Structure formats: C-alpha cells, structure tokens
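What follows is a short report on a single structure.
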Number of protein chains: 2
Amino acid sequence: MYTVTSLKAELHERGWRLTPQRETILQIFQNLPTGEHLSAEDLHVLLQQDGDPISLSTIYRNLKMMSRMGILRELELAEGHKHYEINQPAPYHHHHLICVRCNKTTEFKNDSILKMGAKTAQKEGYHLLDCQLTIHAICPSCQRSILPM
Amino acid sequence: MYTVTSLKAELHERGWRLTPQRETILQIFQNLPTGEHLSAEDLHVLLQQDGDPISLSTIYRNLKMMSRMGILRELELAEGHKHYEINQPAPYHHHHLICVRCNKTTEFKNDSILKMGAKTAQKEGYHLLDCQLTIHAICPSCQRSILPM
DNA sequence: TTAAGTGCAAAAACTTTGCATATTT
DNA sequence: AAATATGCAAAGTTTTTGCACTTAA
C-alpha cells in the first residue's frame, strides 16, 4: 500500500516531484471506503467542497500518472467516463459485474483471477500493474422488466 | 455465432427491425480477423471506403445496441475510446494484455476465466453477455526504456 | 536555480440527441 | 399505416493541450 513517503520515493526515482496536489489525491483515494470509486469530475467537486480545490487538468494529469504507476486502477464502468480507485492486492483486490441495462455495478472477489493475470503477465515478461475482470450482464430485475433494451 | 437470420429473429422478438445497416455492420464484424477490433470511427471510414457508407450516429446507435444484445464486445483498450469486436465463445474467447506506456495490446486465452465469469454471473442470477480480463502492465521493451512515464 | 507542475482557457476528441425523412413490417 | 430507424446537424460530455506562472528539490 502506498504511503506519502513511498510515493515520494517512487516519484523521485523518475525525476518527478511530490506536490501538495498529488499528496491530497493519494489521501483521498486511501481514505475512500472499499468499493467506492471516483471520476475526475467527482474528485474535482469533492475537493472543492473540502475547501482544497485542485484544477481539473491537474486532476486528469495525476489520475493518469498514478494509474500508470500502478497506484490507482482505471475502471471503465457503465457511466461513460472513467472511474478510479486505489489498487489493492489480495485479499482486497476485486472485480466488477455490471448490468448493461440499469448500470448497477457489483463487486466480487476471486483471488485466482489475480493469480492467473499475474502469471500471464510474468510469462510475457510484463511488469503487472492491474488486472480486472469485467463482466457485462443483465441483472435479475432487468431480465424481468419489459422495458426496451 | 450470430447469423443474419438469428439476428433478425432476436430483433423481432423485441419489436425491432433488421435494416441493411445492421446487416452490414454484423457482416463486417463477422469477417474481421480474430483479434482485430474497430472503433466507431474506424468502422465509419471502412464503410465509406467500401462505398457502402453508414452515418456515424447510426453506427454509434447500433454498436451500443449490439453490445447490449451480447453480439459485440465493447473493449476499453488504451486508445481513449471504445473498440468493438465480435463476441465469441470458447475456444475463441480471449482477453487483453495492455502496455500502459506504448499501448501495445496482446490477446491471450484462458477458458477458465470465462468459466469463472459465467459462474459468478449465474450465482447472482445475471444473464451473462461478456466477460473480459484486462491486464494493465509494462511490456519488456518499455521496462528497458529510459523514456519518462 | 531550474526543471517539473499547476491553473486557466481554449481546443480536441468522442458520443448523444432532436428532428425531418425514409424504411421495415 | 404505423412504428422504428436513419442521416444530418447541432449540442453535450469528457479529456487534452498550450502557455504563463509557480514551486519543489
């Protein structure tokens, strides 16, 4: 799990810097309840409400950077834009089941999937950052509904 | 695997229609080599080149519809927009390994993942449409490179 | 001190929508 | 004939970028 100190060290390794904005963003995600995820816009609004605003462009730049470092996971759920959450190892690591009709999103755990993903990455010589199984399906309630699509 | 006939039947079931545009789009994806995927824009250009143009809005509407029917898979690769491919069962079913630095995308197969996904969906009473494991990682060549990010 | 990062505003990229017309059933 | 689908143009959403200024190291 990332701490401000380990983030700082890893940034310095690459010639980058620890800014108050990066520290704030890391803390927000670390304190987010498991299973919650934020979009760039969500984070922007949240920070404004907290009286600690960060510009949207900085948010976008840092969300991308932290995903590419493996600190955050970039989730493509059903809302039409990306969501982010902290990237945790087993046993906190999880996957998503999404209803394509009502967009209901459920988490589920399955540690053998992470193991398989790690094995696949290793076999190809890749350095693993994240591994997520996304299931698109129709939930029980939408199966019963007679609404179109 | 979908044929024009089965597509027609399934559309009719829901009060929808088989149009030449839908038939064309289905055929394009059926004839696409395994592992190739198209964005809405790719498909638009391809159809224009073939002298059989379809408007972008119709393309967007039908890609979404066919994904929600389980005919196509919606892929979130590294390009910043969705790509689509035909949704095939095992043993053609596959997953994606993506380098977050150079965006190189590799397919891999693992039928037990599809089985696990199916089991998860079933356990929750969901009707499965698609199930994809996406691995974000850094490829061997980018690990060696000294370029930033 | 100097290279990296931020904020702002503008632009770019992608996707959806309203509406008149055309088409499937 | 009636309802769905298409094409066009316009609008909406999300994300990126250029640049002057600021700041971490």
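Model, not experiment: these values are computed from the prediction. Chain identifiers are assigned alphabetically (A, B, ...) following the order of the sequence lines, protein sequences preceding nucleic acid strands; residue numbering begins at 1 within each chain.
- With rounding to whole Å, A:Ile25 atom CD1 is found 13 Å from C:dG5 atom P.
- Considering only side-chain N and O atoms, B:Ser55 lies nowhere under 4.0 angstrom from the phosphate OP1 or OP2 of D:dC8.
- Rounded to an integer number of Å, the gap from B:Arg22 CZ to D:dT4 P is 11 Å.
- Distance, A:Ile54 CD1 to C:dG7 C1': 11 Å, rounded to whole Å.
- Panel note: side chain A:Asp130, backbone B:Ile135; no donor-acceptor pair is recorded below 3.5 Å.
- As rounded to whole Å, 12 Å separates atom P of C:dG7 from atom CG of A:Leu43.
- Note on ring orientation: taking the six-membered ring where Trp is involved, the planes of B:His96 and B:His37 are perpendicular (angle over 60°, cut-offs 30° and 60°).
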Next on the checklist: Each nucleotide in nucleotides 15-25 of chain C should get exactly one letter: B, S or -. Can you fill that in based on protein heavy atoms under 4.0 Å?
Outcome noted: BBBB----BBS
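- Following rounding to the nearest Å, A:His83 (NE2) and D:dT13 (P) show an atom-to-atom distance of 15 Å.
- B:His81 places no side-chain N or O within 3.5 Å of a backbone atom of B:Glu76 that could act as its donor or acceptor partner.
- Side chain of B:His94 to backbone of B:Tyr92: a donor-acceptor contact under 3.5 angstrom is found.
- A donor-acceptor pair under 3.5 Å links the side-chain atoms of A:Thr105 to the main chain of A:Asn103, judged by distance alone.
- What separates CG of B:Leu7 from C1' of D:dA5 is a distance of 14 Å, to the nearest Å.
- Looking at B:Gln143, its side chain does come within 3.5 Å of a backbone N or O of A:Gly125 through a donor-acceptor pair.
- In the helix from C:dT1-D:dA25 to C:dT25-D:dA1, the end axes, each obtained as the rotation axis mapping the C1' atoms of four pairs onto the next four within a five-pair block, lie 50° apart to the nearest 10 degrees.
- Whole-Å rounding puts the B:His44 NE2 to C:dC14 P distance at 14 Å.
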Next on the checklist: Please determine whether side-chain hydrogen bond (donor to acceptor under 3.5 Å, both in side chains) holds for the pair B:Tyr84 and B:Glu74, giving the CA-CA distance in whole Å, both sets of side-chain angles, and the decisive distance to 0.1 Å.
Outcome noted: CA-CA 5 Å; B:Tyr84 296 83; B:Glu74 207 171 70; 3.2 Å; yes
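- Between the side chain of B:Asn110 and the main chain of B:Ser112, a donor-acceptor pair closer than 3.5 Å is present.
- A:Phe108 and A:His95 have tilted rings, their planes meeting at an angle from 30° to 60° on a 0 to 90° scale.
- When the side-chain nitrogen and oxygen atoms of A:Gln21 are compared with OP1 and OP2 of D:dT23, none of them lie within a distance under 4.0 Å.
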